[in-house]
Amino acid sequence: MPKQPTQKVSTTTRRTKAKKDPAAPKRPLSAYMFFSQDWRERVKAENPDAGFGDVGRLLGTKWKEMSDDEKKPYIDMANKDKERAEAEKAAYANKA
């Protein structure tokens with residue numbers, strides 16, 4: 001007689017996710033995310049039949065091919081956004 005498959009029984013209890021405060025400051029974006037926002041439409045226009053994953057892969061390839069000088073504007077944006085987020089986080093922590 002063949003063995004019956006056994007069911008896995010979870011021994012951990014399910015935790016509910018804590019509610020996030022809508023007034024909490026947003027996290028800073030990385031240089032790559034600024035680059036992605038800037039280039040996504042261009043890449044989609046150059047590759048109209050590319051899916052979401054394909055566009056992401058093309059953006060990643062383009063980012064890796066870029067020199068440090070080409071990445072500098074996006075790195076500067078990321079640094080400014082990091083400063084903004086730290087200032088907002090400090091103000092939020094002092095308020096709470």
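If you read the sequence from its start, that first residue is 1, and numbering goes on from there.
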Any donor-acceptor pair under 3.5 Å from Asn79 side chain to Asp76 backbone: no

Are the side chains of [X] and [Y] in touch, meaning some heavy atoms are under 4.5 Å apart?
{"X": "Asn47", "Y": "Leu58", "answer": "yes"}
{"X": "Leu59", "Y": "Tyr32", "answer": "yes"}
{"X": "Gln37", "Y": "Leu29", "answer": "yes"}

Output yes when [X] and [Y] qualify as a salt bridge under the 4.0 Å nitrogen-oxygen rule, no when they do not.
{"X": "Arg42", "Y": "Glu46", "answer": "no"}
{"X": "Lys72", "Y": "Asp68", "answer": "no"}
{"X": "Arg84", "Y": "Asp81", "answer": "yes"}

Minimum heavy-atom separation for [X] and [Y], please, with both atom names.
{"X": "Pro48", "Y": "Ala45", "value": "CD-O, 3.8 Å"}
{"X": "Phe52", "Y": "Arg40", "value": "CE1-NH1, 4.1 Å"}
{"X": "Glu65", "Y": "Glu70", "value": "O-OE1, 4.5 Å"}
{"X": "Ala78", "Y": "Ser30", "value": "CB-C, 3.8 Å"}

From NZ (Lys44) to CG (Asp49), nearest 0.5 Å: 13.0 Å

Reported NZ-to-CZ distance for the pair Lys71 and Phe34, which is rounded to 0.5 angstrom: 16.0 Å

Co-membership, hydrophobic cluster, residues Met33 and Ile75, 4.5 Å side-chain: no

Pairs meeting criterion ring-ring contact (aromatic ring centres under 6.0 Å, His included) with involvement of residues 67-91, two or more places apart: Phe35-Tyr74

Residue pairs passing the salt bridge (charged side-chain N to carboxylate O under 4.0 Å, His left out) test where at least one lies in residues 13-35, sequence neighbours excluded: none

Exceeds 12 heavy-atom contacts within 6.0 angstrom, atom NZ of Lys89: no

